[in-house]
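Some notes on the structure that comes next.
Keep in mind that this is a model prediction, so the values were computed, not measured.
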Amino acid sequence: MTTEPTIASRLSFLDRWLTLWIFLAMAAGVGLGWLFPAAVSSFNAASSVGTTSIPIAIGLILMMYPPLAKVRYEELGRVFADKRVLTLSLIQNWVVGPVLMFALAVFFLRGYPEYMIGLIMIGLARCIAMVIVWNDLAGGDTEYCAGLVAFNSIFQVLFFSAFAWFFITVLPAKLGLAGAVVNITMGEIAQSVFIYLGIPFLAGMATRFALVKARGKEWYHGRFIPAVSPITLIALLFTIVVMFSIQGRRIVEYPADVLRIGLPLLIYFGVMFFVSFFMSRRVGAGYPVTCTLSFTAASNNFELAIAVAIATFGIGHGAAFAAVIGPLVEVPVLIGLVNVALYFHRKLAWPGSCATHELVRKAYAEVAKGSCCCSCGTAKTADVGDLGLSCGDPVAFSCLKEGDVVLDLGSGAGKDVFLAARKVGAGGKVIGVDMTDEMLALARRNTEKLGLANVEFRKGTIEELPLDDASVDVIISNCVINLSPDKARVFREAFRVLRPGGRLVVSDIVLERPLPERLKADEGLYSACIAGALLRPDYLGAVAAAGFGKPQILADRERKPSDVRGDPVTGEAAEALAGAASSITLLARKP
């Protein structure tokens with residue numbers, strides 16, 4: 001039996017040690033600025049056009065190009081159609097963010113007016129650059145991120161000058177503090193936005209439309225995107241080195257000032273992230289959108305803040321120094337928040353999901369421990385591995401033939417794997433993927449009992465399958481995808497590992513109408529794949545959006561309250577569930 005590859009083993013060397021590389025890049029930048037200040041200053045002056053540093057601009061453009069090339073631009077309409085998300089983003093970025101940063105700047109730096117002005121300026125420059133990287137690393141929604149970045153860019157062009165005038169010139173004077181006049185035009189802001197966002201945005205869009213048309217979506221997402229993705233992290237490290245080298249000497253010479261500026265920034269990033277995260281959950285956003293909203297709110301456009309500070313006050317002004325300290329704090333804090341977001345992804349229940357991974361592991365581990373299927377004497381193949389957890393028969397509809405390579409998503413104790421193994425014969429192979437150790441152990445014991453040599457079980461999640469691109473002919477799944485916190489990602493992964501012409505045959509549960517909130521919060525109904533089930537149009541839409549096109553419904557029946565595994569559903573709950581859910585089996589093909 002082949003040992004299943006872990007998720008960590010599939011990450012590149014650069015990805016696995018990203019945090020270390022970032023800190024080393026920061027240290028290298030500060031070291032260069034400290035040891036060779038004259039050389040760094042000369043290089044920066046020679047490689048700048050106006051207030052734009054050409055190396056930083058190149059680094060940022062290259063850094064953002066791969067994530068923007070991943071964006072499915074044809075899906076951006078759903079971002080701007082969701083008024084709730086746009087409104088929440090608007091409030092977070094253009095009300096909460098500027099007001100919070102102004103309050104922190106006044107509280108911590110009122111005795112240092114130049115630093116105070118620099119900090120306020122950072123709060124007004126909403127992020128349009130590195131947020132794309134943080135969102136990508138944390139598994140946020142790439143289309144929502146691109147849409148919100150474009151949304152913020154428009155607001156930045158239209159309102160940055162007015163916000164700067166109010167928060168830096170008018171409001172401090174009203175409070176008896178030293179303000180400043182900031183002379184920055186809409187045209188200058190538009191230029192900055194175009195350089196740092198417009199160029200990579202247009203390049204990513206042009207690349208996607210041209211290459212998808214020329215080579216197809218499979219080649220584009222399976223070959224081209226993995227090839228260019230490492231550019232993001234390499235360019236990120238390069239940009240960090242250049243940014244930090246510019247103020248390296250001052251950072252070393254004035255560590256107290258660095259800490260004085262860094263403390264309110266640290267508070268700002270944390271408050272903005274966590275407030276936005278839980279605000280987004282409160283309004284019912286799923287993890288990918290919650291992640292995107294949180295990083296969009298917590299990040300800032302330091303490139304614009306630095307450019308404005310230098311253009312208005314000069315490179316030696318305290319406001320420019322404060323703006324440069326911004327990424328010194330942002331980079332390690334935001335990479336830390338990426339890990340926080342991923343932790344919340346694993347641990348919390350999300351709207352549109354049946355349960356979190358931990359809840360599912362616990363519930364199905366108990367089922368596996370209580371199973372007697374490994375000691376059933378002369379049990380048939382159809383009985384071995386049957387724990388009563390299914391909601392259909394995808395194998396019966398999958399039209400398997402000799403030699404097929406089949407993947408079972410969420411294989412459990414192995415029932416459907418064993419049924420499929422008989423159909424594909426010795427020349428074929430069936431791979432089961434499951435994340436529960438107890439289920440995997442039970443499935444492997446069942447495999448030995450049946451004496452099947454064409455079966456393999458791998459540990460992994462169905463959101464990140466431990467398989468190569470275009471490596472299977474048929475994917476089956478039986479009442480499992482509803483247990484995923486991110487169903488759209490599951491279907492995208494299924495599309496990735498299927499060969500051209502391959503089939504996806506799924507039995508699962510869909511809702512015919514929204515459930516009451518009290519039932520959506522019921523953990524038993526979560527693990528039974530009811531409470532977080534998607535509405536039928538949303539489920540079928542997620543399949544189509546992954547690249548499969550419109551799926552075909554092969555079987556469709558009402559899911560009755562009595563069908564729910566576990567404690568009986570009675571009373572008001574049974575009434576609410578009556579007619580609310582259906583078990584369907586669908587077929588989708590990869591072009």
With side chains defined as the heavy atoms from C-beta onward, is the minimum distance between [X] and [Y] less than 4.5 Å?
| X | Y | result |
| --- | --- | --- |
| L498 | F548 | yes |
| Y220 | R215 | no |
| D434 | V480 | no |
| E493 | I462 | no |
| F344 | T290 | no |
| F418 | T447 | yes |
| K459 | D437 | yes |
| N446 | L442 | yes |

For residues S294 and S276, is any side-chain donor paired with an opposing acceptor at under 3.5 Å?
no

The test is side-chain contact (heavy atoms from CB on, under 4.5 Å); show your working for D556 and S582 and say whether it passes.
CA-CA 7 Å; D556 195 341; S582 299; 3.8 Å; yes

Show the nearest heavy-atom pair for residues [X] and [Y], with the distance to one decimal.
| X | Y | value |
| --- | --- | --- |
| F495 | P591 | CE1-CD, 3.8 Å |
| A341 | F273 | CB-CZ, 4.1 Å |
| P200 | I61 | CB-O, 3.8 Å |
| L465 | A494 | CD1-N, 4.3 Å |
| A227 | P230 | O-CD, 3.6 Å |
| V395 | S398 | O-OG, 2.7 Å |

Determine whether the aromatic ring centres of Y539 and F491 lie less than 6.0 Å apart.
yes

Give a yes or no on whether the backbone of [Y] and the side-chain of [X] come within a donor-acceptor separation of less than 3.5 Å.
| X | Y | result |
| --- | --- | --- |
| N135 | F295 | no |
| R589 | R503 | no |
| R458 | I431 | no |
| N478 | G392 | yes |
| R496 | L467 | yes |

Would you call the rings of Y287 and H345 parallel, tilted or perpendicular, taking 30° and 60° as the class edges?
parallel

Return the set of residues passing side-chain hydrogen bond (donor to acceptor under 3.5 Å, both in side chains) with S89 (not counting sequence neighbours), or none when no residue passes.
N93

May I have the step-by-step check of side-chain contact (heavy atoms from CB on, under 4.5 Å) for S507 and D393, ending in yes or no?
CA-CA 7 Å; S507 295; D393 189 359; 5.7 Å; no

Donor-acceptor contacts, no H, no angles, side chain residues 399-409, under 3.5 Å, sequence neighbours left out:
unit_1: K401; atom_1: NZ; unit_2: D404; atom_2: OD1; d: 3.2
unit_1: D404; atom_1: OD2; unit_2: K401; atom_2: N; d: 3.0

What residues form a side chain to side chain contact (heavy atoms under 4.5 Å, CB included) with A421, not counting sequence neighbours?
V430, L452, N454, V455

